[in-house]
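All residue numbers refer to positions in the sequence shown, counting from 1.
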Amino acid sequence: MAASGRDPGVAAPGDTADRWVVMCGEVRTALLQHAQSLPAAAAADLLRLRGDERVLVSERPNPYAQSADVLTGVDCRLPTSSGAKVRAVGTVSSRAVLTGGRVLQAGAVFRTPAAGPDQRQPWGNYLARPGVLVPFGKLAARPVAEGLLTGARQPGELDLGAISERLLGRLLRHQLLDQRAPFKSRRTRLRWVALPAPDGEGPSIERFTLAEDGLRTVELRLPAGTGPAAATRLCEDLALHDWLLTTLVRMVERSRLGSVDGRDAVMALRPAVDHLLHLWMPRARADRTLGPLWEVLELEPGFTRQWQTLVQRIRDQLALQAVSLRYDPALPLH
């Protein structure tokens, strides 16, 4: 991807459109329903959501494709933990990315300023600020952030997950795909919310939770100048590696490694070797200002440490099977 003079994830000084007090997004991650990984040209065709914008494709450090942003206009209430009725109008920005030609993600994001006019404005005013939801009056940032993160929505309130899921479902049904996935897997959902960090402080992860139904939630504190591009890249990267780790854990469990015949376990784990192990690259595309947040995740819950342990178990099993085949007395001697 082409580089520019300014990091696209950081707002320009004085850019009032990016003076946000709450930023929120949701990422859905799934295995591409296709027998083989998609090459770059096919990935670009899959992610061509808009005819007037090209798909960004890169080959280093691994194959990656990113769609153009698409906007969804909304006029609805925002969920709040206090039960207060907060109405906002504007657009939600969504996009899709494909990593390694194999793992598909769709996400939606918006940010909102501290206050807006008390009356609805002409629609053109909102279109001029893509990905921004403008509240009616003053916004109670903390209750809105809590309501968005917990997802305890009432009818008529914003549902970012539905926007993400609709885009993901549309792409997974694309005519390019043969619907023959190489192994079974589950989708995951990562919902994140960011509040401005105190002046002079750097980014931080306040909490990261995992639920049994595939939902992950992340609360961030980000410098006020951080734009949605940087936050989205960070959370897509986190969602990708969480999905990879979760999927590998389930594959190892299903293989019954250590309790069944070694050859059966190796055959059950072969799809992991063929399609997943090479995709583990935390921070490969993270914004340099937010990359240090991965160091926190490496300490607790320890993503890479758990991944490497699983990978080593698989490799040890492959090595044991290679040795047993080499010295199997039932095999003919040459």
Side-chain angles (χ1 to χ4, degrees), residues 22-32 79 81 97 99-100 102-109 142 144-153 159-165 168 183-195 203-222 231-255 257 269 272 275-277 279-286 290-314:
V22 176
M23 193 185 307
C24 181
E26 187 156 337
V27 184
R28 303 290 173 102
T29 306
L31 179 69
L32 195 70
S81 59
V97 298
T99 303
R102 174 52 67 200
V103 184
L104 180 65
Q105 295 178 283
V109 61
R142 184 72 219 184
V144 167
E146 288 284 355
L148 290 165
L149 198 62
T150 59
R153 297 177 179 84
D159 187 350
L160 284 184
I163 297 174
S164 302
E165 186 65 29
L168 183 66
F183 57 91
K184 293 182 179 180
S185 65
R186 301 177 188 174
R187 302 179 188 182
T188 58
R189 301 173 290 148
L190 184 138
R191 184 182 302 143
W192 60 272
V193 67
L195 294 168
S204 64
I205 296 177
E206 297 299 302
R207 53 177 161 164
F208 173 55
T209 64
L210 300 141
E212 292 296 328
D213 60 355
L215 173 66
R216 287 81 172 98
T217 61
V218 183
E219 181 181 339
L220 304 167
R221 293 291 184 277
L222 302 178
T232 298
R233 282 198 300 270
L234 171 71
C235 293
E236 286 172 346
D237 196 32
L238 173 55
L240 169 67
H241 289 84
D242 172 73
W243 182 89
L244 288 170
L245 181 56
T246 300
T247 301
L248 190 62
V249 167
R250 288 172 178 157
M251 293 178 77
V252 169
E253 289 174 348
R254 288 198 301 265
S255 74
L257 188 62
L269 291 169
H275 301 283
L276 298 184
L277 299 192
L279 296 181
W280 190 263
M281 293 185 186
R283 293 191 288 187
R285 291 177 176 82
L290 302 184
L293 292 180
W294 260 104
E295 297 174 8
V296 177
L297 294 169
E298 297 296 18
L299 291 174
E300 186 181 352
F303 272 64
T304 297
R305 186 166 61 249
Q306 185 178 4
W307 175 267
Q308 290 175 342
T309 299
L310 290 168
V311 170
Q312 191 59 52
R313 285 191 68 194
I314 293 171

Interatomic distance, L190 atom CG to W243 atom CH2 [nearest 0.5 angstrom]: 15.0 Å

Side-chain donor or acceptor of Q105 paired with backbone N/O of E236 under 3.5 Å: yes

Residue pair L238 / F208, side-chain heavy-atom distance below 4.5 Å: yes

CA sep, side-chain torsions, deciding dist, call: L148, W192, side-chain contact (heavy atoms from CB on, under 4.5 Å): CA-CA 8 Å; L148 290 165; W192 60 272; over 6 Å; no

Atom CZ of R254: over 12 foreign heavy atoms under 6.0 Å: yes

Closest non-hydrogen atom pair, L168 against A30: CD2-CB, 4.2 Å

For R28 against G161, the heavy-atom pair lying closest together: NH2-CA, 3.2 Å

R285-T99 side chain donor-acceptor pair, cut-off 3.5 Å: no

Shortest non-hydrogen separation from R283 to D237 and the atoms involved: N-OD2, 2.8 Å

From NE2 (H275) to CG (L32), nearest 0.5 Å: 11.5 Å

Nearest heavy-atom neighbours spanning R305 and E298: NH1-O, 3.3 Å

Pairwise distance CG(L31) to CG(L104) - rounded to 0.5 angstrom: 9.5 Å

Derivation and outcome, side-chain contact (heavy atoms from CB on, under 4.5 Å), residues D242 and T29: CA-CA 9 Å; D242 172 73; T29 306; over 6 Å; no

Spatial distance of atom CG (L160) from atom CZ (R191) [nearest 0.5 Å]: 8.5 Å

Backbone N/O of E26 and side chain of S164: donor-acceptor pair under 3.5 Å: yes

Non-hydrogen side-chain atoms of L220 and M23 separated by less than 4.5 Å: no

Minimum side-chain heavy-atom gap L269-F183 below 4.5 Å: no

Residue of the set T304, L240, L248 for which side chain to side chain contact (heavy atoms under 4.5 Å, CB included) holds with W280: T304

Distance-minimising heavy-atom pair for L290 and L222: CD2-CD2, 3.8 Å

Separation between OG1 of T217 and CZ of R189, rounded to the nearest 0.5 Å: 10.5 Å

Near-ring test W294/H241, centroid separation under 6.0 angstrom: yes

M251 side, atom CE; L310 side, atom CG - distance, nearest 0.5 Å: 11.5 Å

Test log, rule salt bridge (Lys or Arg N to Asp or Glu O under 4.0 Å), inputs E253 and R313: CA-CA 12 Å; E253 289 174 348; R313 285 191 68 194; over 6 Å; no

Where L279 and G100 come nearest, the two heavy atoms and their spacing: CD2-CA, 3.7 Å

